[in-house]
Amino acid sequence: MEIRKLKVSEHQDSRRLYEEVFSEDSPSFVDYYYTEKTKDNQIYAVEEEGGICSMVHLNPYRLCVNGSVKDADYIVAVATKKEFRKRGYMASLLKRAIRDMYQAGESFTFLMPASESIYLPFDFRTVYEQAGKFYRKEDEEIPGIVITDANETDSGRLAEAANRCLAERYQVFTVRDEAYYRRLMKEYESDGGKLKIYRRDGKIVDCRGYFPGEDGEGGKIMVRIIDVRRMLMSLRLRSLAGVCFCVTDPLVEENNRCLTLTGTEFSGVMLMDGKRENSEGTISIAALASLIFGAKTVDEACSEEGVFMSGRMKGEFEKLIPLSGIYLNETV
């Protein structure tokens with residue numbers, strides 16, 4: 001088996017597998033995806049019998065994490081032809097993609113699972129359920145609100161308004177720009193929908209998607225830490241902290257290390273390499289993701305396999321401010 005990252009000129013070769021596995025997607029949506037999203041994404045593939053039999057797509061996004069902009073990949077279109085399943089192709093593709101993301105300097109990756117159980121063995125953990133806010137006809141009756149269909153000329157103002165609003169409310173969100181909204185409008189239109197702009201006194205206060213005859217619904221988002229040091233250094237602290245501990249990661253060897261975490265509420269997290277004889281506990285990369293993104297408390301994380309914390313370590317970890325304010329509502 002050979003894993004290959006496709007050239008951009010080869011991305012269209014994966015369309016047949018996409019249409020076979022994701023048959024619920026409309027032809028017009030697939031046209032959109034293979035016109036827009038495959039311009040700048042990465043596709044890892046396994047080829048057998050002269051064609052692509054398994055693939056993973058990495059769609060690039062810019063995320064704001066505690067005020068800093070970071071590049072991150074959204075894993076989508078994880079697919080294997082039926083007759084080639086249970087051969088470990090998907091696992092090999094995910095492991096290769098995770099390794100490459102580490103080399104690229106990414107902190108974490110995320111995906112929307114068809115089933116959470118598929119990704120738990122790869123140390124992904126569910127941290128967010130999409131809000132699923134969509135336009136409803138009764139919104140037209142909200143006092144003072146004027147709702148119109150968005151068009152390309154609105155893209156800049158939409159991005160400015162959204163980034164300002166999201167920064168006030170969330171710690172983790174996708175950074176918007178004009179290209180983001182131009183592409184999003186095409187995404188809605190590909191399935192007969194629209195992006196609706198909500199204005200009050202002429203100012204944009206919201207935007208929501210609309211699909212005729214549907215209320216729309218969100219999905220769950222799972223994350224996987226890619227680089228433990230970069231991830232931890234994105235965090236803020238409630239107060240002065242100092243603790244030495246070990247991290248275990250079965251997929252990224254470089255994450256298996258002993259760290260000394262220090263910092264204050266003013267500096268945020270600072271890290272140094274620690275000595276294992278000084279370690280006050282061990283935490284798995286998966287449990288750390290649940291903790292960092294606010295899906296579990298320190299005590300809950302300690303109940304996971306492979307996690308041990310001294311009483312003092314628990315107290316120091318409780319000083320970490322989790323990234324629980326999340327807004328990742330992208331579909332692809």
Side-chain angles (χ1 to χ4, degrees), residues 18 22-41 57 59-64 72 74-77 110-114 127-170 172-200 202-222 325-332:
Y18 187 105
F22 305 107
S23 57
E24 69 276 11
D25 287 352
S26 68
S28 57
F29 178 83
V30 180
D31 285 342
Y32 155 77
Y33 186 87
Y34 273 88
T35 300
E36 290 291 329
K37 301 298 288 189
T38 59
K39 286 178 182 177
D40 57 3
N41 75 348
H57 293 211
N59 290 351
Y61 281 93
R62 293 169 64 234
L63 303 185
C64 185
Y74 186 11
I75 299 176
V76 303
F110 62 109
L111 55 78
M112 184 192 301
V127 300
Y128 173 64
E129 189 156 355
Q130 293 183 333
K133 288 173 61 179
F134 290 86
Y135 165 86
R136 300 173 304 167
K137 190 172 182 179
E138 48 265 44
D139 292 348
E140 303 281 356
E141 307 302 320
I142 300 174
I145 292 293
V146 176
I147 302 174
T148 58
D149 293 345
N151 60 60
E152 286 197 0
T153 62
D154 296 310
S155 299
R157 290 186 293 273
L158 276 169
E160 182 181 349
N163 287 326
R164 183 173 59 250
C165 178
L166 292 170
E168 291 172 355
R169 300 180 184 181
Y170 301 99
V172 181
F173 62 89
T174 305
V175 177
R176 273 71 167 155
D177 58 16
E178 290 188 36
Y180 176 96
Y181 278 108
R182 286 196 296 268
R183 182 178 272 182
L184 186 60
M185 289 176 208
K186 292 177 182 178
E187 184 175 322
Y188 279 114
E189 289 166 4
S190 72
D191 268 339
K194 291 283 187 181
L195 187 64
K196 299 279 192 176
I197 298 179
Y198 292 57
R199 289 183 173 90
R200 186 188 297 275
K203 295 182 179 180
I204 296 173
V205 294
D206 202 355
C207 70
R208 300 184 183 186
Y210 165 66
F211 292 107
E214 295 183 24
D215 290 332
E217 55 184 51
K220 293 180 178 180
I221 294 294
M222 302 181 83
I326 304 169
Y327 192 87
L328 296 174
N329 272 29
E330 286 66 35
T331 303
V332 292

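If you're wondering where the values come from, they're calculated on a predicted model, not measured in any experiment. Values below: all heavy atoms of this structure, side chains included; hydrogens, waters and symmetry mates excluded.
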| task | Over 60° means perpendicular and under 30° means parallel, so classify the ring planes of Phe211 and Phe134, tilted if in between. | result | tilted

| message | Is there a side-chain contact between Asp154 and Leu195 in this structure, where contact means two heavy atoms from C-beta onward sitting under 4.5 Å apart? | response | no

| query | Looking only at atom types and distance, does a side-chain atom of Asp177 sit under 3.5 Å from a main-chain N or O of Ala179, one as donor and one as acceptor? | reply | yes

| task | Measure centre to centre between the rings of Tyr18 and Tyr34, then say whether the value is under 6.0 Å. | result | yes

| Taking the six-membered ring for Trp, are Tyr74 and Phe110 parallel (under 30°), tilted (30 to 60°) or perpendicular (over 60°)? | parallel

| Is any side-chain heavy atom of Asn59 less than 4.5 Å from a side-chain heavy atom of Val332? | yes

| field | Electrostatic pair Glu330:Arg62 at N-O distance under 4.0 angstrom | value | no

| field | 4.5 Å side-chain heavy-atom contact, Glu152 and Lys186 | value | yes

| note | Tightest non-hydrogen contact, residues Leu111 and Ile75, listed as CB-O, 3.4 Å

| said: Donor-acceptor check, side chain of Ser28 to backbone of Ser190, threshold 3.5 angstrom: yes or no? | reply: yes

| task | May I ask you to decide if Glu36's main-chain N or O and Arg183's side chain share a donor-acceptor pair within less than 3.5 Å? | result | yes

| For Glu140, does the CD atom sit with more than 12 other heavy atoms under 6.0 Å from it, leaving out its own atoms? | yes

| query | Going by heavy atoms in the side chains, are Lys37 and Val76 under 4.5 Å from each other? | reply | no

| Aromatic plane relationship, Tyr33 with His57 - under 30° parallel, 30 to 60° tilted, over 60° perpendicular | tilted

| Output field: ring centroids Phe173/Tyr327 closer than 6.0 Å | no

| field | Note: Asp206-Lys133 ion pair, threshold 4.0 Å (strictly below) | value | yes

